[in-house]
Amino acid sequence: MQQIIFLSAREKQEIIEKLKNQFGIENVDGEFVLSGTDRIFLYQGNLKQDEITRIQKRTVIERIGIYFAKKINDEIKLSLDGVQISKDKICKNIFEINKTQANDWMMGKEILIETGLRGFIILKYENNFLGCGKASEGKITNFVPKSRRLKDKRN
Amino acid sequence: MKKKNNLELKPLFEERMKKLLEPADYGRYKKILSKPILRSIRCNTLKISPDELKKILEKKNWKISQPWKNYPEVMVVEGKNSEEDLIELEPGELGRALEHILGYYYIQELASMLPIIVLKPKPDDKFLDLCASPGSKTTQACSEMKNSGTIIANEINLGRIKILASNLERCGVTNSIITMSDGVLLCDRLKEQGIFFDKILVDAPCSGEGTLRSSPKTYFMWNVKTIKGVSKLQKKLFEKAFEVLRVDGEMIYSTCTHAPEEDEEIVDFALEKFKDKIKIEKIILPIKCREGITEWEGKKFSKETKNSCRIYPHDSDTEGFFISKFRKVKAG
């Protein structure tokens with residue numbers, strides 16, 4: 001992990017505002033930690049920032065918390081796990097898909113469908129939240145990371 | 001069921017095991033080594049309840065049992081119900097399932113779940129998992145802690161850190177900090193910084209004698225020299241970890257081996273080293289536990305090593321394991 005930068009309360013609030021506009025998420029407990037310029041990690045542990053800084057002075061901290069979201073231009077793309085953590089708070093831009101579409105989605109395929117939505121949306125199949133996609137005209141672009149995809153048994 | 005193996009044990013290994021087990025007992029031990037291990041999973045309660053998970057898996061026609069009454073999150077996938085019979089899952093089916101990819105369960109051998117069951121981490125604990133990868137026990141601890149408190153999950157090897165990070169992510173763990181360090185060095189530095197823990201797990205690197213049923217490479221890799229070498233490292237890890245345990249804090253020392261040099265010898269070393277600062281505690285497990293031995297190849301150990309727990313594969317149809325639990329009763 002690169003240098004750990006804890007976002008200030010104001011910076012966190014800016015992200016929350018975007019999450020509220022995009023997905024209806026009104027709050028997220030814990031600290032937001034920036035990695036690089038755009039990746040946001042969520043840490044919900046009870047070590048204080050100064051304790052973490054002290055550890056980092058002498059030890060390599062490879063990761064803190066969970067990869068939660070990414071800033072892309074003026075929008076926020078939630079990670080697959082960011083979606084799962086926030087599933088009880090998401091109430092906007094949810095698009096429900098069927099079993100075949102869910103299977104294709106989890107295999108990393110884009111879904112060719114007109115959703116009537118634009119920008120980042122949340123994919124849901126039954127009670128399962130399947131991450132974030134980008135809806136554009138006639139399709140949803142897939143962001144399921146390779147390591148989390150369903151494998152095609154025929155391969 | 002997984003494919004049976006028909007591998008040969010090395011003569012010196014057999015000789016040592018025969019010193020640990022009576023002849024009839026040894027026969028049962030040897031017999032079970034060729035029996036495939038149970039397909040066990042642990043429900044990740046950070047994401048789903050055991051009842052919900054069981055229903056979902058049963059909808060896929062998987063036959064699920066919950067072998068330990070007080071631990072409903074522990075499940076065994078016995079097979080798939082077909083029209084007439086119970087059939088085996090396809091190879092890799094457990095790991096390929098959507099429910100696994102979404103982190104609803106973790107594939108974990110039964111005996112490997114025991115150290116955390118014994119340690120009982122609580123919400124708000126500060127927890128150190130000194131040798132954390134691949135993360136089975138770390139994720140289990142996080143479930144128990146309900147993602148509160150903090151877990152420092154340490155691993156020395158970058159490749160193994162990637163596996164650890166990926167498993168913590170899949171299981172939705174938000175209270176962890178992954179450090180990459182030699183365990184001994186990490187403890188020294190934490191101590192310098194005045195950071196102490198309520199619970200510590202030292203699931204030490206070991207010769208892996210207990211994993212013969214799931215990891216046939218152990219048949220080839222087993223070597224008595226490894227045992228002697230790793231024993232020194234285990235003592236060092238124990239000693240340094242105990243130094244960052246707070247007073248009244250609890251620590252588990254566990255291995256997946258039967259070799260006394262890596263088990264009771266470490267316990268004996270710790271009791272001698274920390275004397276009145278340390279107390280070894282009795283362990284209650286949901287499976288059969290045999291008390292630790294007090295003598296090995298002429299070397300006598302403290303009688304208190306009996307409080308440790310030896311788990312043999314043929315006692316409860318698991319892998320082999322060793323667990324001991326300690327409390328720090330005095331500063332220093």
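Chain letters run A, B, ... following the sequence lines, proteins first, then strands; residues in each count from 1.
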* **Minimal non-hydrogen separation, B:R96 against A:L150, with atom names** => O-CD2, 3.1 Å
* Asked: If every non-hydrogen atom of A:E51 is compared with every non-hydrogen atom of B:K126, which pair is closest and at what distance?
  -> OE2-NZ, 3.6 Å
* Assess whether atom NZ of A:K87 is packed by more than 12 heavy atoms of other residues, nucleotides or ligands within 6.0 Å. => yes
* Structure fact -> Looking only at B:D124, B:L46, B:I48, B:I56, the option with the highest number of non-hydrogen pairs under 4.5 Å against chain A is B:D124
* Asked: For the side chain of B:R189 and the backbone of A:R58, is there at least one donor-acceptor N/O pair under 3.5 Å apart?
  -> yes
* Asked: Which value, rounded to the nearest 0.5 Å, describes the distance between B:K146 atom NZ and A:Q44 atom CD?
  -> 14.5 Å
* Asked: At what distance, to the nearest 0.5 angstrom, does CD of A:E62 lie from CG of B:N154?
  -> 11.0 Å
* Is it true that a side-chain atom of A:N46 and a backbone atom of B:T150 form a donor plus acceptor pair closer than 3.5 Å? -> yes
* Any donor-acceptor pair under 3.5 Å linking the side chain of B:E169 with the backbone of A:Y67? -> yes
* Take atom NZ of A:K89 as the centre, draw a 6.0 Å sphere, and report whether it contains more than 12 heavy atoms from other residues, nucleotides or ligands. => yes
* **Engaged part of A:I85 at the chain B interface, taking heavy atoms whose separation is under 4.5 Å** => side chain
* Asked: Any chance NZ of B:K60 has more than 12 other-residue heavy atoms, nucleotides or ligands included, within less than 6.0 Å?
  -> yes
* Structure fact -> So, the part of B:L185 with a heavy atom under 4.5 Å from chain A: the answer is neither
* Asked: For atom NZ of A:K20, is the number of surrounding heavy atoms from other residues, nucleotides or ligands below 6.0 Å larger than 12?
  -> no
* To do: Determine whether more than 12 heavy atoms belonging to other residues, nucleotides or ligands lie under 6.0 Å from atom NZ of A:K92.
  => yes
* To do: Among the options A:L42, A:T59, A:I66, A:L80, pick out the one with the most heavy-atom pairs lying under 4.5 Å from chain B.
  => A:I66
* From B:C171 SG over to A:D81 CG, what is the distance, rounded to the nearest 0.5 angstrom? -> 9.0 Å
* When heavy-atom pairs shorter than 4.5 Å are enumerated against chain A, which of B:S181, B:G172, B:G149 gives the highest number? -> B:G149
* Asked: When rounded to the nearest 0.5 angstrom, what distance separates OH in A:Y43 from OG1 in B:T174?
  -> 9.0 Å
* Structure fact -> Per-residue tally against chain A (heavy atom, under 4.5 Å) across B:N175, B:T179, B:I101 peaks at B:I101
* Would you find more than 12 non-hydrogen atoms of other residues, nucleotides or ligands less than 6.0 Å from A:D50 atom CG? -> yes
* Report the distance from atom CG of B:L186 to atom CD1 of A:I55, rounding to the nearest 0.5 Å. => 8.0 Å
* **Structural part of B:A97 lying under 4.5 Å from a heavy atom of chain A** => backbone
* Does atom NZ of B:K80 have more than 12 heavy-atom neighbours from other groups under 6.0 Å away? -> yes
* Taking 4.0 angstrom as the limit, do A:K57 and B:E192 come out as a salt bridge? -> no
* Which atom pair, heavy atoms only, marks the closest approach of A:M106 to B:L102? -> CE-CD2, 4.2 Å
* Asked: Just how far is it from atom CG of A:L130 to atom CG of B:L98, taken to the nearest 0.5 Å?
  -> 6.5 Å
* Asked: Is chain B contacted by the side chain of A:F68, its backbone, both, or neither, given a heavy-atom distance below 4.5 Å?
  -> neither
* Given side chains that start at C-beta, do those of A:N128 and B:Y104 come closer than 4.5 Å, heavy atoms only? -> yes
